[in-house]
Amino acid sequence: MPRSLGIERLYDGHAQSLFAFLLNFTRDEADTRDLLQEIFVKLAREPELLVGARDERAFLIRLAHNAAIDLIRRRGTRQRTKENFAAERISFFAPANDPDEKIFRRELAEALGGLPEDQRAVVHLKLWEGLTFEQIAAALDISPNTAASRYRYGLDKLRDRLRPLYEEIK
Amino acid sequence: MNEFEQKISRRPLRQIPAGWRAEILAAADVNRRKIREVTFAGTVASGLRRILWPNPQAWAGLAAVWILIFAVNFSMRDKSPAVAEKFSPPSPEMVAELKQQQRMFAELIGSRDVRDADRPKLFVPQPRSECAEFLTA
């Protein structure tokens with residue numbers, strides 16, 4: 001099979017998940033696009049990267065996570081402050097028609113933006129990718145216990161912040 | 001997963017912009033072509049290595065001979081203007097003496113050939129009007 005078809009297959013199979021993960025992690029659409037391109041360019045350049053991977057999705061999430069960490073490290077504190085400001089407004093949920101639902105999604109997006117990056121990554125992978133703690137641990141290069149504790153901390157913060165709204169629309 | 005987790009996880013995520021697919025795949029394709037070109041250059045280099053490797057000493061000797069030829073050629077070309085600069089033009093006295101010796105040599109061998117510069121001019125071309133006067137006289 002030509003390599004280009006392999007890249008297309010990878011894109012069609014995983015780009016949506018990587019997009020959501022990176023958008024939640026970086027809170028910036030332009031950065032998400034750059035990182036996504038960086039990942040697929042890397043895969044085109046080094047197709048052998050995936051040869052030994054048992055779980056393609058987990059491997060690609062690991063690539064995405066490392067690329068996002070590198071991006072954040074490249075930036076200074078000033079840029080990060082600007083990023084946090086932007087995090088208050090970004091939404092990575094699909095638009096909703098119902099006003100209550102719209103408010104809930106916006107609040108949830110903001111609550112997620114308020115979590116530390118490491119907790120946000122675990123929460124995202126657990127809730128929207130449905131990965132086990134072992135899979136999350138492998139993807140983020142942490143221990144399963146660390147993944148579980150980060151998830152618990154992150155979820156508690158979300159619950160505290162969204163409790164009034166959640167009770168209201170329950 | 002408890003009720004709160006389920007409620008959150010059911011929220012659909014935003015879709016990736018459709019235009020990104022073509023752009024990202026095009027960027028990946030361009031990069032892959034570059035890699036292929038680099039790979040081609042590597043293939044050429046390895047081919048050359050394969051040709052040269054069996055007799056490295058012979059190729060090295062040939063290269064040394066060429067270097068020697070270029071060096072000799074360059075050094076000779078470099079010397080020629082220097083040699084010309086070493087000789088100064090002959091002095092007027094030397095030229096006069098040489099002319100005198102040449103004349104004496106011609107007299108000795110009895111040659112009637114005299115240099116053009118010394119031969120008296122028998123006929124000097126004149127303007128046409130003067131030529132007509134000469135004929136009528």
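Remember, it's a predicted structure, so these values are computed and weren't measured experimentally. First the proteins, then the strands, lettered A, B, ... as listed; each starts at 1.
Other residues, nucleotides and ligands contribute only 12 or fewer heavy atoms inside 6.0 Å of the OH atom of A:Y153.
Across A:L43, A:L155, A:L18, the residue that shares the most heavy-atom pairs under 4.5 angstrom with chain B is A:L155. Chain A forms more heavy-atom pairs under 4.5 Å with one residue of B:R10, B:E23, B:R21 than with any other, namely B:R21.
Salt bridge status for A:E56 with A:R9: present, with a side-chain N to carboxylate O gap under 4.0 Å.
Heavy-atom distances place no part of A:N24 under 4.5 Å from chain B, backbone and side chain included. No part of A:K42 comes within reach of chain B, as not one of its non-hydrogen atoms sits under 4.5 angstrom from that chain. With a threshold of 4.5 angstrom between heavy atoms, A:E46 does not approach chain B through any atom at all. At a 4.5 Å heavy-atom cutoff, the contact between A:R105 and chain B is made by side-chain atoms alone. Contacts between A:Y11 and chain B at a heavy-atom distance below 4.5 Å involve the side chain alone, from C-beta outward.
Of all non-hydrogen atoms in A:K157 and A:P116, the two that sit nearest each other are NZ-CD, 3.7 Å.
Remark: aromatic rings of A:W128 and A:F21 are distant, center separation not under 6.0 Å. For A:F25 and A:H65, the ring centers sit closer than 6.0 Å to each other.
In this structure, A:K102 fails the cation-pi test against A:F93, since its NZ or CZ atom is not both closer than 6.0 Å to the six-membered ring centre and inside 45 degrees of the ring normal.
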